[in-house]
Amino acid sequence: MTNVLLIHGGVGIDDNLVDAANIKLNYFASSVKLNGNPLDSAIEAVRMMEDDPEFNAGTGSVMRIDGSIQMDASVAIPGKFGSVLAIESVRNPVMVARDVMEMTPHTMLAGDGAVKFARLLGYEEYDPSTDRARNRLKVALENLKTPGSDSYAKYSKLMEKTDFNDFMKDSCDTVGAVARIDGKFAAAVSTGGASPMLRGRIGDSPVFGSGIYVGDKGAVVATGIGEEISKRLLCFRIHEKIGTKPLHDVMKEEISFFKNVIAGVIAVSADEYGYFANKGMGTGLKLE
Ligand code: GLY
């Protein structure tokens, strides 16, 4: 059976940037070994994207409205899950998520508890901020403070509204990976979140069943507006439908429920793999 690593760099990019994103992501995917544990491969791909400042994960993560950076990440294999929520000042949240899964009796660690856990294991203090993130925050804040602007109107309703799409469309570039090696599945996800957002906000990426799911039938990860993805338990739903129809049709059907909300998924099953998004999304693939 063919081994598969499929990765994405986030939904919501301009269509004319997808080819360039694909080149980079295919390069990342091609440099990952597929001859061992699928979790190693998925995490290695996500780690590379976290270290690339062009992606909204790890270095290059978007900033919260208060200027801080809090990151979410998760990993999963059948029957096991680990995540960090709103972790700060670490270089690779996805690796801390793996440690939560493998070294604790917990599935989720949040905030300063996650940071303390990381320090205990030797993860050094690290500043993931970039000039690009600072500029993005500046523009976002200017829009929010401009009476009459779309963002101004939408921000005043932020806590009540469910349609955050126009508000966050430029900054929802979560990264993720799914892998199938020797018939075994794994997935990993990492994100700086969806800007602009309040400090403490958690999206879909570290929530099992929402932004990530791995079970006996396959592995699924999502990208897009976390609030909407969580409400639909997107990845769990896709996993449950695996085998009922072609994988592409399953993903297309589930994404069709996202009206005016950007969303994308990648998935691998026992005999298929694929992706589907309702806006531009770069992907990379390695088959072996
Ligand atoms: N999908 C990433 C987020 O909403 O945080």
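Note that the coordinates shown come from a computational prediction; the quantities given were computed from them, not determined experimentally. Every heavy atom of this structure was used, including side-chain atoms; hydrogens, water molecules and symmetry mates were not.
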Test Lys80 against Glu102 for salt bridge (Lys or Arg N to Asp or Glu O under 4.0 Å), laying out the working first. CA-CA 9 Å; Lys80 287 190 152 194; Glu102 294 185 340; over 6 Å; no
Dump the intermediate steps for salt bridge (Lys or Arg N to Asp or Glu O under 4.0 Å) on Asp131 and Lys138, then the final yes or no. CA-CA 10 Å; Asp131 286 343; Lys138 201 166 151 231; over 6 Å; no
For ring pair (Phe, Tyr, Trp, His ring centres under 6.0 Å), just list the numbers for Tyr275 and His8, CA-CA rounded to whole Å, side-chain angles, deciding distance to a tenth of an Å, and then say yes or no. CA-CA 9 Å; Tyr275 62 89; His8 76 78; 9.9 Å; no
Worked verdict on Val100 versus Val84 for side chain to side chain contact (heavy atoms under 4.5 Å, CB included): CA-CA 8 Å; Val100 171; Val84 287; 4.0 Å; yes
For a salt bridge (Lys or Arg N to Asp or Glu O under 4.0 Å) check, start with the C-alpha distance between Arg91 and Glu124, then their side-chain angles and the critical distance, and finish with the verdict. CA-CA 8 Å; Arg91 179 169 167 174; Glu124 288 174 6; over 6 Å; no
Quick one: do Arg47 and Asp51 satisfy side chain to side chain contact (heavy atoms under 4.5 Å, CB included)? Show the steps, please. CA-CA 6 Å; Arg47 189 196 60 74; Asp51 284 346; 2.9 Å; yes
List the steps and the verdict of side chain to side chain contact (heavy atoms under 4.5 Å, CB included) for Met101 and His106. CA-CA 7 Å; Met101 183 177 89; His106 311 311; over 6 Å; no
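Grouping the Ile, Leu, Val, Met, Phe, Trp and Tyr side chains by contacts below 4.5 angstrom, directly or via other members, places Leu121 with Val94. At a threshold of 4.5 Å between side-chain heavy atoms, the hydrophobic network of Ile, Leu, Val, Met, Phe, Trp and Tyr places Leu39 and Met103 in one connected group.
Lys286 places a side-chain N or O within 3.5 Å of a backbone atom of Val32 that can act as its donor or acceptor partner. Using a distance-only test at 3.5 Å, with no hydrogens or angles considered, no donor-acceptor pair links the side chain of Arg132 to the main chain of Val62. At distances below 3.5 Å, at least one donor-acceptor pair connects side-chain atoms of Asn26 with backbone N or O atoms of Asn22. Between the Lys259 side chain and the Ser256 main chain, a donor and an acceptor come within less than 3.5 Å of each other. Asp66 contributes a side-chain N or O that, together with a main-chain N or O of Ser68, makes up a donor-acceptor pair within less than 3.5 Å. A donor-acceptor pair is defined here as one N or O able to donate and one able to accept, closer than 3.5 Å; no such pair exists between the side chain of Glu88 and the backbone of Val115. Arg180 contributes a side-chain N or O that, together with a main-chain N or O of Thr2, makes up a donor-acceptor pair within less than 3.5 Å. Panel note: side chain Asp72, backbone Thr191; no donor-acceptor pair is recorded below 3.5 Å. Put simply, the side chain of Asn278 gets close to the backbone of Val261: a donor and an acceptor are under 3.5 Å apart.
Closest approach of Ile266 to Gly176, counting heavy atoms only: CD1-O, 3.9 Å. Across every non-hydrogen atom of Met71 and Pro93, the tightest pair is SD-CG, 3.7 Å. Minimum heavy-atom separation, Ala187 to Val178: CB-CG1, 4.1 Å. Scanning both residues, Arg64 and Gln70, for their nearest heavy atoms gives NH2-O, 2.9 Å. Nearest heavy-atom pair, Gly274 versus Leu247, reported as atom, atom and distance to 0.1 Å: N-CD2, 4.0 Å. Pairing each heavy atom of Ala73 with each of Ala97, the nearest pair is O-CB, 3.7 Å.
For the pair Phe208 and Thr107, the minimum side-chain heavy-atom distance is 4.5 Å or more. Side-chain contact check for Val265 versus Thr223: every heavy-atom pair is 4.5 Å or farther apart. Proximity of Thr59 to Thr130: side-chain heavy atoms (C-beta onward) are separated by under 4.5 Å at one or more points. At a threshold of 4.5 Å between non-hydrogen side-chain atoms, the residues Met48 and Ser31 count as touching. The shortest side-chain heavy-atom distance between Val175 and Ile7 does not fall under the 4.5 Å cut-off. In this structure, Tyr126 and Val90 have side chains that are not in contact, with every pair of non-hydrogen atoms separated by 4.5 Å or more. Residues Met281 and Val18 fail the side-chain proximity criterion, which asks for heavy atoms closer than 4.5 Å. You'll find the side chain of Val75 reaches within 4.5 Å of the side chain of Ile43, heavy atoms only.
A donor and an acceptor atom, one from each side chain of Tyr123 and Asp99, are located under 3.5 Å apart. Judged purely by distance below 3.5 Å, without hydrogens or angles, the side chains of Asn3 and Glu288 never pair a donor atom with an acceptor atom. With hydrogens and angles left out, the side-chain atoms of Ser83 and Ser74 include no donor and acceptor closer than 3.5 Å. Side-chain contact, Arg134 with Ser129: a donor N or O sits under 3.5 Å from an acceptor N or O.
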Name every donor-acceptor pair, under 3.5 Å, that has one atom in a side chain of residues 232-239 and the other anywhere in the protein, sequence neighbours excluded.
unit_1, atom_1, unit_2, atom_2, d
Arg237, NE, Arg232, O, 2.5
His239, NE2, Lys217, N, 3.0
His239, NE2, Gly218, N, 3.4

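By the 6.0 Å contact criterion, OH on Tyr27 is open, its count of non-hydrogen atoms from other residues, nucleotides or ligands being 12 or less. The number of heavy atoms from other shown groups lying within 6.0 Å of CZ (Phe258) is above 12. The environment of Lys24 atom NZ is dense: over 12 non-hydrogen atoms of other residues, nucleotides or ligands sit within 6.0 angstrom. Atom CG of Asp127 has more than 12 neighbouring heavy atoms from other residues, nucleotides or ligands inside a 6.0 Å radius. For CD of Glu240, the number of neighbouring non-hydrogen atoms (other residues, nucleotides, ligands) closer than 6.0 Å is greater than 12.
The line from CG of Leu25 to OG1 of Thr283 is 7.0 Å long, rounded to the nearest 0.5 Å. With rounding to the nearest 0.5 angstrom, the CD1 atom of Ile77 is 7.0 Å from the CG atom of Asn37. Atoms OG1 and CG, from Thr174 and Asp204 in turn, are 6.0 Å apart once rounded to the nearest 0.5 Å. Between atom CD of residue Glu50 and atom CE of residue Met95 there is a gap of 8.5 Å, rounded to the nearest 0.5 Å. We find the OG-CG distance between Ser269 and Asp216 to be 13.0 Å, quoted to the nearest 0.5 Å. Once rounded to the nearest 0.5 Å, the distance linking CE of Met197 with CD1 of Ile202 reads 9.5 Å.
Note: Phe55 and Phe28 have tilted aromatic rings, judged against thresholds of 30 and 60 degrees for the angle between ring planes.
Looking at Lys33 and Glu44, no side-chain N of the basic residue comes within less than 4.0 Å of a carboxylate O on the acidic one, giving no salt bridge. A salt bridge links Lys241 with Glu253: the closest approach of a Lys/Arg side-chain nitrogen to an acidic carboxylate oxygen falls below 4.0 angstrom.
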